[in-house]
Protein chains: 2
Amino acid sequence: MNLQQKKTSAPDTTVLEKLRASGLRPTRQRLALAKLLFGRGHCHVTAEGLFNEAKQTHVNVSLATVYNALHDFTAKGLLREISVDSSSSYFDTNTDDHHHFFFEGTGELQDIPPDSVRIAALPEAPGGSAISRVDVIIRVRD
Amino acid sequence: MNLQQKKTSAPDTTVLEKLRASGLRPTRQRLALAKLLFGRGHCHVTAEGLFNEAKQTHVNVSLATVYNALHDFTAKGLLREISVDSSSSYFDTNTDDHHHFFFEGTGELQDIPPDSVRIAALPEAPGGSAISRVDVIIRVRD
DNA sequence: CAAGTTGATTAGAATTTTTCTAAACTGCGA
DNA sequence: TCGCAGTTTAGAAAAATTCTAATCAACTTG
């Protein structure tokens, strides 16, 4: 047995625990997708993009399942959904409070550290309703 | 002749001029849609929503034409496109610099006057690229 | 520990949203 | 007025997303 293989299996346990902790059943499909999403540094994916990655890794899931998983993960707070572009929505593995650059040419997203944008004077939400999130997207030509 | 009818025809001229000034041909379809969009106070519409309004006003246009018109108007700076929701994009007749409340329950948008949000410390765009726009969306539960 | 029960999950099918492109139209010059 | 060139429309196609019936997985119960 090769040590290289052992190395890659270590984060799988973390991913499994992550699913268990969220209350989602760790099915074959979800585990495989979660491994792709969380088994590396933070990233921004689209459903189509993750679906293609899955295919390349010989993980057999339907596109509908990818959508289901992304939405389930988002509902459990494992991902954050971002709408910047009418073409498709992005899912961010970084769920901490932060903002984004959007490169209009390539359609790519990049995180902005939370303290490099400061919002002074937030308005009151109308009708006394609660603010659930503030999204700042800085669009950049490239 | 009724004075009431005269009243509603006055803004049509403005709408016609608006189209002419932008360089878009004032076709029957565009005029009808522009009248719906600009013949009243600022509003936020979806393609589907505008299409339904058109039908109710007995304006015969296809949904594809509504999309074409909305995108053409946006390209000429008559509208601003906003992505908040993966379900569909919104078009805002207010093209001045301003931000939005998004009511997650009803899916409605509301303008925030520009000076009630102040952004201190905007980060440098990476690679020296130019910032084309900064969008702030405050999501509200309702 | 096998079988049944219940609720969660998957993925093919359907729907919705958006774009593409051939046909129709418009304005212009001959 | 006629024909040409570019613009606009809208039916058809594509892309994105959701729906739902079939499948599966965890938990009883015998």
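Letters A, B, ... mirror the listed sequences (proteins, then strands); counts begin at 1.
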Item checked: Reading 5' to 3' through nucleotides 9-15 of chain C, protein heavy-atom contacts under 4.0 Å coded B for base, S for sugar-phosphate only, - for none -> SBBB---
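Taking the side-chain hydrogen bond (donor to acceptor under 3.5 Å, both in side chains) definition, one finds that B:E81 meets it with B:S89, sequence neighbours left out. Not counting sequence neighbours, B:R141 has no partner by the salt bridge (Lys or Arg N to Asp or Glu O under 4.0 Å) test. Qualifying side-chain hydrogen bond (donor to acceptor under 3.5 Å, both in side chains) partners for B:D135, counting only residues two or more places apart in sequence or in other chains: A:R139, B:R80, B:R133. In terms of the side-chain hydrogen bond (donor to acceptor under 3.5 Å, both in side chains) criterion, residue partners of A:S87 (sequence neighbours excluded) are, by chain and number, A:D85. The salt bridge (Lys or Arg N to Asp or Glu O under 4.0 Å) test applied to A:E53 returns A:R40, not counting sequence neighbours. Considering only residues two or more places apart in sequence or on other chains, A:T65 meets the side-chain hydrogen bond (donor to acceptor under 3.5 Å, both in side chains) condition with A:S62. Under the rule for a ring-ring contact (aromatic ring centres under 6.0 Å, His included), the partners of A:H44 that lie at least two apart in sequence or sit in another chain are A:H100.
The ring pair (Phe, Tyr, Trp, His ring centres under 6.0 Å) contacts involving residues 122-142 of chain A comprise nothing, where partners must be two or more places apart or lie in separate chains. Sorted by first then second residue, the side-chain hydrogen bond (donor to acceptor under 3.5 Å, both in side chains) pairs that include residues 20-30 of chain B, not counting sequence neighbours, are B:R30-B:D72.
Between the CZ atom of B:R20 and the C1' atom of C:dG27 there is a distance of 13 Å, given to the nearest Å. With rounding to whole Å, B:L70 atom CG is found 14 Å from C:dT19 atom C1'. In this entry the distance linking NE2 of A:H71 with P of C:dA8 reads 19 Å, nearest Å.
Partner B:L33 forms a side-chain contact (heavy atoms from CB on, under 4.5 Å) with one of B:N68, B:V45, B:V15, B:V61 and no other, that one being B:V61.
Within a heavy-atom distance below 4.0 Å of DNA chain C, no residue of residues 48-58 of chain A is found.
Chain A approaches DNA chain D over the interval D:dA16 to D:dA25, counting the first and last nucleotide 5' to 3' with an atom under 4.0 Å from its heavy atoms.
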